[in-house]
There are 2 protein chains.
Amino acid sequence: MSTASRPEITAEVTEGVCRLLYHHEMACLTELRLGNGRRLDVLALGPKGELWAVEVKSSVEDFRVDQKWQSYLDYCDRFFFAVPMHFPKDLIPEDVGLIVADRFEAAIIRASAEKKLSAARRKKLLISFGQTAAGRVNKFSSKENVLG
Amino acid sequence: MSTASRPEITAEVTEGVCRLLYHHEMACLTELRLGNGRRLDVLALGPKGELWAVEVKSSVEDFRVDQKWQSYLDYCDRFFFAVPMHFPKDLIPEDVGLIVADRFEAAIIRASAEKKLSAARRKKLLISFGQTAAGRVNKFSSKENVLG
């Protein structure tokens with residue numbers, strides 16, 4: 001049984017997810033503040049402008065208290081939950097993607113159906129993704145953008 | 001007369017430019033590798049997806065050896081040269097933008113005409129801007145993208 005704390009598990013799963021998506025040629029931003037007031041754990045941008053959102057659930061309780069995860073669907077073409085190895089996978093709805101991860105590796109267990117963003121929405125998200133990312137690089141753009 | 005070296009002047013002007021553009025709500029990436037093989041000093045992304053390219057010229061010699069700056073025009077809606085205070089401004093062609101900067105402040109002396117990127121080109125650049133910026137934040141995306 002893992003003795004890691006919830007933030008530690010979340011950090012480890014997030015790291016595994018980013019590593020995995022990097023091998024899919026996607027660049028990740030973590031802990032994004034969204035226009036709807038929520039935070040998203042990972043948003044990944046692919047070479048054709050694909051946007052995949054990943055929400056990390058460190059435990060069953062963490063998953064159960066999140067009643068509003070559907071609101072993430074407005075920010076991506078595909079949505080995944082990412083959970084640690086010991087998480088009971090049957091809890092995750094079958095129509096969303098599922099990634100199992102620890103710090104060192106991760107695997108896409110199930111891809112979500114793709115629900116493509118509109119061109120206008122994608123452009124808006126590409127702009128805020130770029131501004132937010134550049135803002136984390138450059139000290140003169142340190143204001144965190146709200147995405148989308 | 002300044003005793004700063006050419007790289008020092010370039011760094012100082014770049015810093016002033018990023019500070020200035022930040023106040024225009026633009027997020028900057030510096031030292032980008034472009035698809036045409038050249039490097040660009042600053043590319044700034046605005047809230048509506050505007051892309052402004054800025055090439056820093058630390059000295060007259062630095063400006064004179066650059067015979068191919070027109071190739072930057074494929075990467076932006078507006079193009080600017082940025083120069084230090086003591087640079088003879090009359091050397092800069094009148095149809096491009098001009099920023100004068102030091103480390104602490106900068107001013108747009110002349111805006112360039114706007115030549116809007118096509119929608120497809122802009123989308124491609126927004127994607128590589130976002131991937132490159134996120135790659136500089138996230139250790140799992142550390143491969144530098146070539147822009148556009």
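As the structure is a prediction and not an experimental result, all values here were calculated from the model.
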Can you tell me how far OG1 of A/T132 sits from CG of B/L45, rounded to the nearest 0.5 angstrom?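 It comes to 9.5 Å.
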Rounded to the nearest 0.5 Å, how far does CD of A/E50 lie from CD1 of B/I127? 7.5 Å
Should we count NZ of B/K116 as having more than 12 external heavy atoms under 6.0 Å? no
Take a 6.0 Å sphere around NZ of A/K115 and say whether it holds more than 12 heavy atoms from other residues, nucleotides or ligands.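 At most 12 heavy atoms, drawn from other residues, nucleotides or ligands, come within 6.0 Å of this atom.
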Looking only at heavy atoms, what is the nearest atom pair of [X] and [Y], with distance?
X      : Y      : answer
A/Q131 : B/E25  : NE2-O, 3.0 Å
A/A27  : B/A134 : CB-CB, 3.8 Å
B/G130 : A/A133 : O-CB, 4.3 Å

